[in-house]
Each structure stands twice: as structure tokens, then as C-alpha cells.
Amino acid sequence: MKKVTISRLIAQKAEGTKITALTAYDASFAKMFDEQHIDVLLIGDSLGMVLQGEDDTLPVTVTDVAYHTRAVRKGTQNAFVLADMPFMSYATPQDTFTNAATLMAAGASMVKMEGGAWLCDTISALVERGVPVCGHLGLTPQSVHVFGGFKVQGRDNDKATKLIEDAIALEQAGAQMLVLECVPTSLGKAVSEALTIPVIGIGAGPETDGQILVMHDMFGISANYMPKFSKNFLMETGDMRSAVKKYIDDVKNGTFPGPAHSFE
Ligand code: KIV
């Protein structure tokens, strides 16, 4: 097993090999996922909900994400380590540079930020300074109060068209990967086909270039809520390592997500 790089993830998309991703927040789970050959580990700001018990991701700080990124990096040999820029940590150029530098220094190989074409200048400025960027479109949880709840996005034609335009703009600005959350299967497919960079879906149907789940949802142990697009692989397999392996196998062979875990 070789180290996963962004070039390899882009090559996987080109050759049609599905990309597997999970969130991780500590060294032990990172090591377990890495040993099962997961491609990408995300230190998501979902940590606010699944570790800290918050109702949404807004209270998470750069210090929180950096702390968990350091731990995940220590447990990881090969997987690609991606860290979330939390709410308002990329509101100004100076904040963006300082906070992205903190996460890269903590061990991230790329940072992820939520938003459409308005982020293009921020993305180009980071890439010019040596910070690789992953975009995040669809249901962007940092905007939950703008959306009025955790709702499927891009269901009408105008919104779907705008989302595809945003995705293309992010790629043109220099983003090298995109997370696409909670959109209809047809839109997940359209966005993946419109881009050359890998599109990692979560609730975006089976036709994206890869899949990501929050690890607590994949194990069925989230405190409050199990999203429709997730699946309890631990219940099906009975132990954690087998659950991770089954998730990876099912993503690779296209059996996860099925219609029950996707939106029309
Ligand atoms: O914070 C997170 O875990 C995420 C995933 C839902 C993709 O952004």
C-alpha cells in the first residue's frame, strides 16, 4: 500500500476506481481505517456534533480541528488527510491564511471549505501559497440557519444549474477535490461528469467518484440522529474492523449507496 496523494485520487477518478473516505478524529480510529486501506480521512467539523454534542457545526474552532488533525495524522500511514476549515475561519484573507497554515502544520494535506463561486478568490490565493483546497457544495452544514434546517439541496432546475456552475468555478479556481452533500442522485452524477477533479458524495447518490460518511453514522453510534443517506455497517457485520472493510468494499463495488440511501 502506497501513500495516497491528490494525484492518485485524480487518477482514480479518471480510471473509474471509486474513492473511499470516512471522517476520523483520533489516532486509534485513524489507524484502524488506514489499515483497512481507506483512501481519505477527513477531520470534519462534524466533530462538533458527534464528539462535542452540539446541535450543529458552528461552535467548532480552528484549535479543535487542529487538535484532532494532529491525532489523526499520528495514526495514519497512507490515507490522504483532509481537514475542515470551521465556520467563519475563512471570512477574511488574513484569517484564511493563518487558519489554513495552522491546519496544514497540524498534519493536513488539504483543507476543505464550504461555499460556491464566491470562494474562488480565496481558493486561488491559498493554492498560490501552497495550500491544496477541497470545496464543499450542496448541503453545507455551516449554512444550516440560512437553509432553515439540514435539507436536501438542488432539487429544482435553477438551483441544480447554479450548483453545477459553482462546482465548475471552484475547479477553475484551483480546487482539487469536491465534497457534495445531500443532493439528488441525478445532480451528483451531473456534477461528477462536469468536473475532472474527484467528487466525493455524501447523500449524493451512487454515481459520484467516491463516498464519505461520518464514522459515527457508519458505526450507527451517533448520539441523536441517523441521516437517511447513512448506513449502520456495524450492525450488519458485528465488529468494527469488518464494518469498515464492508463499507469500503460496498463503495468500491458500487453497492453502497443504494436507492434507500439516496435522494430522487
Ligand atoms: O464535517 C464533516 O464531517 C463533513 C462531512 C459530512 C463531509 O464535512
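For reference, positions follow the sequence shown, starting with 1. Worth knowing before you read on, the calculation uses all heavy atoms, side chains too, and leaves out hydrogens, waters and symmetry mates. Each ligand, and each atom within it, is numbered from 1 in the order the structure gives.
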Checklist entry - Is the shortest N/O to N/O distance between Glu181 and ligand 1 below 3.5 Å? => result no

Checklist entry - Do Leu47 and Phe87 belong together in a cluster built from hydrophobic side chains that touch within less than 4.5 Å? => result no

Checklist outcome for this item: Per-atom filter on ligand 1: closer than 4.0 angstrom to a heavy atom of His136 are 8 (O)

Checklist entry - Any idea which atoms of ligand 1 are less than 4.0 Å away from a heavy-atom of Ile202? => result 6 (C)

Checklist entry - Just which atoms of ligand 1 are under 4.0 Å from any heavy atom in Thr23? => result 3 (O)

Item to check | Sub-3.5 Å N/O-N/O distance, Tyr25 and ligand 1 | outcome: no

Checklist entry - Which ligand 1 atoms are under 4.0 Å away from a heavy-atom of Lys112? => result 4 (C), 8 (O)

Item to check | Mutual orientation of the aromatic rings belonging to Tyr25 and His68 [parallel < 30°, tilted 30-60°, perpendicular > 60°] | outcome: perpendicular

Checklist outcome for this item: Rounded to the nearest 0.5 angstrom, the CD-CG distance for Gln176 and Leu178 is 12.5 Å

Next on the checklist: Run the salt bridge (charged side-chain N to carboxylate O under 4.0 Å, His left out) test on Lys231 and Asp217 for me, step by step, so that the C-alpha distance in whole Å, both residues' side-chain angles and the decisive distance to 0.1 Å come before the verdict.
Outcome noted: CA-CA 7 Å; Lys231 182 174 165 186; Asp217 295 342; over 6 Å; no

Item to check | Element-labelled atoms of ligand 1 that are located less than 4.0 Å from some non-hydrogen atom of Asp84 | outcome: 1 (O), 2 (C), 8 (O)

Checklist entry - Which of the atoms in ligand 1, numbered in the order shown and given with their element, are less than 4.0 Å from a heavy-atom of Gly44? => result 1 (O), 2 (C), 3 (O)

Checklist entry - Can Lys18 and Asp250 be said to form a salt bridge (charged side-chain N to carboxylate O under 4.0 Å, His left out), step by step? => result CA-CA 10 Å; Lys18 293 280 185 191; Asp250 284 5; over 6 Å; no

Item to check | Region of Thr57 engaging ligand 1 - heavy atom pairs below 4.0 Å | outcome: neither

Checklist entry - Which residue and non-hydrogen atom of the protein lie closest to atom 4 (C) of ligand 1, and at what distance in Å? => result Leu42 CD2, 3.5 Å

Checklist outcome for this item: re atom 3 (O) of ligand 1, the protein heavy-atom contact at minimum distance is Ser46 OG, 2.5 Å

Item to check | Test of ring centre spacing under 6.0 Å for Phe256 and Phe233 | outcome: yes

Item to check | Check: Ser89 main-chain N/O paired with Asn99 side-chain donor or acceptor under 3.5 Å | outcome: yes

Checklist entry - Could you go step by step and tell me if His136 and Lys112 meet the side-chain hydrogen bond (donor to acceptor under 3.5 Å, both in side chains) rule? => result CA-CA 7 Å; His136 186 157; Lys112 174 165 84 60; 2.7 Å; yes

